[in-house]
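Here is the structure we will look at, set down as structure tokens.
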Amino acid sequence: MSESLHIRPYLRLSGLEPLVVRPDTNFVNVGERTNVTGSKKFARLVRENKYEEALSVARQQVENGAQVLDVNMDDALLDGVLAMTTFLNLVQSEPDIAKIPVMIDSSKFEIIEAGLKCVQGKCIVNSISMKEGEAKFIEQAIICQSYGASVIVMAFDEKGQADTKDRKVEICHRAYKILTEQVGYDPQDIIFDPNIFAVATGLEEHNNYGVDFIEATREIKQLMPLTKVSGGVSNLSFSFRGNDHVREAMHSVFLFHAIKAGMDMGIVNAGQLVVYDEIEPGLRELCEDVILNRNNDNNEATEKLIAFAETIKAKGKENIKDESWREASVEERLKHSLVNGITDYIDTDTEEARLKYPKPLDVIEGPLMDGMNVVGDLFGSGKMFLPQVVKSARVMKKSVAVLTPYIEAEKEKRKQAHLAAGTENVEGAGAAKVLLATVKGDVHDIGKNIVGVVLGCNGYDIIDLGVMVPADKILDTAEKEKVDIVGLSGLITPSLDEMVHVAHEMKRRNMKQPLLIGGATTSRMHTAVKIAPQYDNGVLHILDASRSVTAVSTLLSKEKKTLLKKTHQEYDDLRTQFLNKNKKELIPYSEAVITKEYFDWKKYQPVKPAVDGVKVLKGYDLATIARYIDWGPFFIAWEMPGHYPEVLTDKIFGAEATKLYNDAQKLVQTIVDEKWFSADGVIGFWPAATNNADTITLQTDKGEVKLESLRQQLKKAVGQPSYSLADFICPAELGSDYMGSFAVTIQGAKKYIDKFAAEHDDYNKILVQVLADRFVEAFAECLHEKVRKEYWGYEKNEALSNEQLIKEEYNGIRPAPGYPACPDHTEKLKLFDLLDAVNNIDIELTESLAMNPPASVCGWYFAHPNSHYFGLGKIAKDQLEDYAKRKGMSIEEAEKWMRPVLE
């Protein structure tokens with residue numbers, strides 16, 4: 001019972017893996033593209049009954065970092081109950097999707113209830129309310145509770161929205177008592193929005209709205225301490241829309257008081273949220289008078305704030321260039337530069353501080369760390385976002401670079417003094433050290449670099465060993481440098497095995513440092529099941545950069561034992577869950593081949609590619625490629641959830657997202673104008689046929705080349721095929737066909753990445769890395785269009801917008817080895833040999849078959865109009881044995897490469 005009570009205050013959700021929303025949890029990213037009202041592609045696939053293809057939309061959301069999957073089937077042309085049931089049942093059979101919790105989203109409760117019957121784990125229902133009365137509210141809440149779901153409760157009753165403090169508390173307390181006493185909901189599963197309304201409207205009845213919310217929040221938290229309080233903060237300043245300076249000050253003042261009263265979360269333009277203490281005193285007092293309804297008889301405070309706002313408006317953009325902060329002390333100027341990412345005066349201010357303080361190290365340990373502590377606090381509370389933190393790191397590094405020669409000179413002076421005196425020179429231990437490395441065989445390091453920057457901003461000494469680092473080098477360095485924590489990163493699936501090996505070696509060496517695991521291919525479940533059992537002194541999976549600070553600081557504090565014990569128990573539970581879970585039924589491989597996807601090949605007329613064999617494209621026009629950039633993943637790389645372009649106007653992320661986007665656009669123009677990158681590609685096309693099973697044979701000028709495909713074995717509903725990529729090529733006995741492949745790369749990025757690193761400019765360093773990835777993906781998209789219309793020519797009249805291209809509204813697919821439809825990386829060896837990619841465009845494969853340069857993409861071209869993407873899922877031993885035999889591999893070698901998909 002005591003353990004149960006101990007864990008109750010956290011909201012706990014789950015798919016196949018748990019999601020625990022703790023007090024230190026930042027925003028939870030909800031993938032919204034599996035929503036027929038928000039995604040045209042998803043809606044089209046559902047309407048056309050192509051649910052297997054619709055799963056690819058869900059999978060992409062998970063791969064892009066969604067922590068909860070929102071599913072909505074509210075469409076007048078759909079049978080919502082049938083659509084929700086069909087799709088969620090398919091989702092549950094795909095472990096790579098079903099690992100995250102589902103949000104069942106509908107305005108129709110019958111659709112919600114249908115969804116509740118399908119999902120496993122603990123989901124979220126969106127939403128129920130009291131606006132139709134208590135009976136309906138209780139009925140719906142009981143149904144949700146019976147399925148173990150958390151609920152979003154809209155704060156309405158039969159009379160409408162609450163506008164006074166008493167009404168807010170009354171409705172929330174009434175809903176709380178109903179949910180907890182009659183329905184049996186845990187308090188922590190309830191989030192109240194007591195309604196933030198606009199103040200300073202000129203109507204006296206609106207003047208107390210700010211006070212009403214703040215006081216209602218205080219009372220709600222006293223009455224119901226485990227519930228959460230949220231609100232749309234931007235509503236407060238609606239009267240001043242268009243005047244960001246005043247709105248930001250109002251939001252900051254409001255949050256200062258509301259958070260003290262107990263507000264937990266809120267929708268606010270936090271990207272430009274000013275620090276409360278840095279608001280001009282006059283404006284701050286005016287805002288407090290209005291928000292707290294002080295000195296406001298006859299709207300006096302309102303009129304004063306409106307008059308002040310007019311003066312700001314009249315100045316236009318002059319306000320942005322306000323440099324009155326330059327008149328403050330050097331300590332305050334350094335803090336201001338760090339918080340706002342300003343490098344213009346950092347050299348001058350650092351030198352002034354150096355002359356003021358006894359030792360140059362005092363400047364780092366004093367005003368610089370004071371400023372970075374503010375940055376860390378703002379980031380931890382969700383009031384600063386990753387791009388801002390990286391800019392702050394740039395300021396910090398430039399300042400430290402100014403001080404470093406003086407620090408080294410002092411060290412040498414002390415060393416010489418000790419030598420002359422014959423005494424021992426003992427330097428202080430310094431900051432805690434964190435070693436970071438991308439494991440052997442993997443070249444991807446954007447995420448690792450971001451984690452390094454964020455930890456560096458929080459005062460940790462980062463030792464970054466780079467990419468493709470062997471286990472011995474990682475561990476030798478860790479022991480030599482006496483690091484406090486080791487962090488491993490990886491993107492491709494073979495990296496998972498290398499992480500297991502590193503953990504095993506740490507145990508063999510009797511090392512004591514905690515081990516952090518991160519990267520796109522990693523998961524909490526894999527860490528618990530495969531990595532943690534190899535090492536006894538602490539293994540933690542880190543979801544993203546924002547979680548790294550909390551994890552590291554806890555591991556270096558007296559709370560370390562508590563965290564490791566708790567994590568150990570959680571991972572034990574995950575392993576038990578993994579071992580005891582009901583495995584999805586697989587059909588025999590022979591049956592899967594028979595239930596393949598069939599087409600009327602006799603009516604199919606393949607188009608002969610215009611290009612015969614291999615074609616090399618060197619120095620492809622960068623300006624052309626730039627027009628194909630998909631900006632969605634760009635913002636995901638910077639840990640900004642949401643979709644492009646909506647993210648640019650998001651109430652929380654919009655301001656900072658727009659700054660980031662503008663910086664990226666300027667850099668794209670520079671990259672194009674000054675030819676920073678070189679875009680090189682190679683494509684090839686060959687006659688192709690299948691054996692009516694899973695082998696595709698290409699006729700090349702070097703003879704036959706056999707490509708081996710894998711087939712789904714999950715037992716499905718009657719009539720649902722078991723997909724394989726080989727299904728999209730005509731069987732030899734039924735006619736002729738063609739197939740293609742491609743490889744593209746962006747060369748030249750490393751030069752500028754190294755340049756910005758040398759200049760202590762992490763912001764532009766990471767920006768170049770992310771843009772290189774965006775350019776190569778855009779190149780793949782651009783080239784695929786060129787293939788369809790010209791080089792192959794099977795869709796000569798295609799005319800699609802960039803948005804339609806991003807949504808893949810074209811015929812044909814380009815699956816990549818190592819991805820869901822063809823997860824075996826070793827087929828990449830055949831692709832590279834067919835295209836002679838190493839010699840033609842200078843891409844190399846590592847021993848784990850990652851491509852180098854990292855900004856490289858390769859894949860296959862299929863032209864059949866009904867070809868589509870899918871996820872393989874798990875396969876059984878009979879297919880593994882057949883696949884190994886077809887490839888001429890030993891079972892052990894095949895298991896090594898196929899481990900993630902083995903049953």
Side-chain angles (χ1 to χ4, degrees), residues 325-326 328-376 379 384 386-415 427-436 445-446 448-466 481 483 545 663 667 749-769:
W325 63 278
R326 298 298 305 155
S329 67
V330 67
E331 291 82 1
E332 287 301 311
R333 297 199 306 270
L334 286 171
K335 182 176 80 171
H336 185 91
S337 293
L338 288 163
V339 170
N340 294 281
I342 299 170
T343 58
D344 297 357
Y345 309 98
I346 197 63
D347 290 2
T348 304
D349 288 347
T350 302
E351 179 62 14
E352 182 181 335
R354 184 186 71 82
L355 295 173
K356 178 178 178 179
Y357 282 76
K359 297 184 295 183
L361 190 60
D362 293 342
V363 180
I364 295 175
E365 295 177 344
L368 289 180
M369 284 313 303
D370 288 345
M372 291 311 293
N373 286 338
V374 174
V375 171
F379 182 60
M384 281 183 77
L386 188 59
Q388 295 166 291
V389 173
V390 175
K391 288 177 183 176
S392 297
R394 173 172 60 182
V395 177
M396 180 71 170
K397 287 190 173 183
K398 286 183 178 292
S399 182
V400 171
V402 172
L403 297 168
T404 297
Y406 299 100
I407 294 172
E408 293 301 323
E410 282 203 352
K411 279 185 181 179
E412 184 61 28
K413 186 177 178 181
R414 288 195 299 272
K415 180 181 176 182
E427 294 288 348
K433 293 182 180 180
V434 180
L435 183 148
L436 300 175
D445 66 348
I446 294 177
K448 170 180 66 65
N449 290 343
I450 289 173
V451 168
V453 168
V454 172
L455 290 175
C457 284
N458 283 267
Y460 300 107
D461 184 3
I462 306 302
I463 300 173
D464 190 339
L465 297 183
E481 297 291 338
V483 304
D663 288 346
L667 191 53
K750 188 175 186 301
K751 171 183 174 183
Y752 297 95
I753 291 168
D754 292 344
K755 170 183 176 291
F756 286 123
E759 294 171 357
H760 313 290
D761 188 348
D762 284 312
Y763 180 67
N764 278 305
K765 170 190 169 185
I766 293 171
L767 205 52
V768 170
Q769 282 187 291

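Keep in mind that what you see is a predicted model, and the values were worked out from it rather than measured.
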(Q) Just to verify, what does Asp754 make a side chain to side chain donor-acceptor pair (under 3.5 Å) with, not counting sequence neighbours? (A)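 Expected list: Lys750.
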Q) Among all residues two or more places apart in sequence or in another chain, which pass the side chain to side chain donor-acceptor pair (under 3.5 Å) test with Asn764? A)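 Asn764 satisfies side chain to side chain donor-acceptor pair (under 3.5 Å) with Asp761 once adjacent residues are dropped.
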To the nearest 0.5 Å, what is the distance between [atom1] ([X]) and [atom2] ([Y])?
{"X": "Lys448", "Y": "Asp464", "atom1": "NZ", "atom2": "CG", "value": "3.0 Å"}
{"X": "Arg354", "Y": "Ile364", "atom1": "CZ", "atom2": "CD1", "value": "12.5 Å"}
{"X": "Ser399", "Y": "Glu351", "atom1": "OG", "atom2": "CD", "value": "10.5 Å"}
{"X": "Leu455", "Y": "Lys433", "atom1": "CG", "atom2": "NZ", "value": "15.5 Å"}
{"X": "Ile346", "Y": "Leu334", "atom1": "CD1", "atom2": "CG", "value": "5.0 Å"}

Suppose we screen for side-chain contact (heavy atoms from CB on, under 4.5 Å). Which residues come up paired with [X], at least two apart in sequence or across chains?
{"X": "Asp663", "value": "Lys391, Tyr763, Leu767"}
{"X": "Glu331", "value": "Ser329, Lys356, Tyr357, Pro367"}
{"X": "Lys755", "value": "Tyr752, Glu759"}
{"X": "Thr348", "value": "none"}

Closest approach of [X] to [Y] (non-hydrogen atoms, all atoms of both residues):
{"X": "Gly371", "Y": "Lys335", "answer": "CA-CG, 3.9 Å"}
{"X": "Asp349", "Y": "Val330", "answer": "O-CG2, 3.4 Å"}
{"X": "Ile462", "Y": "Gly452", "answer": "CG1-O, 3.6 Å"}
{"X": "Arg394", "Y": "Gly341", "answer": "NH2-O, 4.3 Å"}
{"X": "Thr343", "Y": "Lys398", "answer": "CG2-CD, 3.9 Å"}

Q. Hey, does the side chain of Thr404 reach the backbone of Val400 with a donor-acceptor pair shorter than 3.5 angstrom?
A.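 A pair under 3.5 Å: yes.
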Q: Ignoring hydrogens and angles, tell me if any N or O in the side chain of Ser392 forms a donor-acceptor pair with the backbone of Leu338 under 3.5 Å.
A: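 Pair found, side chain donor or acceptor close to backbone of Leu338.
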Q: Might you work through the side-chain contact (heavy atoms from CB on, under 4.5 Å) test for Ile342 and Val395, ending with a clear yes or no?
A: CA-CA 7 Å; Ile342 299 170; Val395 177; 5.6 Å; no
Applying salt bridge (charged side-chain N to carboxylate O under 4.0 Å, His left out), name anything that partners [X], two or more places apart in sequence or on another chain.
{"X": "Lys765", "result": "none"}
{"X": "Lys359", "result": "none"}
{"X": "Lys397", "result": "Asp762"}
{"X": "Asp362", "result": "none"}

(Q) If the condition is ring pair (Phe, Tyr, Trp, His ring centres under 6.0 Å), which residues does Tyr345 pass it with, not counting sequence neighbours? (A)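 Testing Tyr345 for ring pair (Phe, Tyr, Trp, His ring centres under 6.0 Å), a comparison that skips the adjacent residues, returns Trp325.
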(Q) Under the rule for ring pair (Phe, Tyr, Trp, His ring centres under 6.0 Å), what residues qualify as partners of His760, not counting sequence neighbours? (A)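 Scan of His760 (ring pair (Phe, Tyr, Trp, His ring centres under 6.0 Å), adjacent residues dropped) gives none.
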Q: Answer yes or no: is there a side-chain heavy-atom contact under 4.5 Å between Gln769 and Phe756?
A: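 Gln769 vs Phe756: side chains apart.
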**Q.** Check: Val768 and Leu667 side chains under 4.5 Å, non-hydrogen atoms
**A.**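 When only atoms from C-beta onward are counted, Val768 and Leu667 do touch, with a gap below 4.5 Å.
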Q | From CA spacing to verdict: side-chain contact (heavy atoms from CB on, under 4.5 Å), Val451, Val434 | A | CA-CA 11 Å; Val451 168; Val434 180; over 6 Å; no
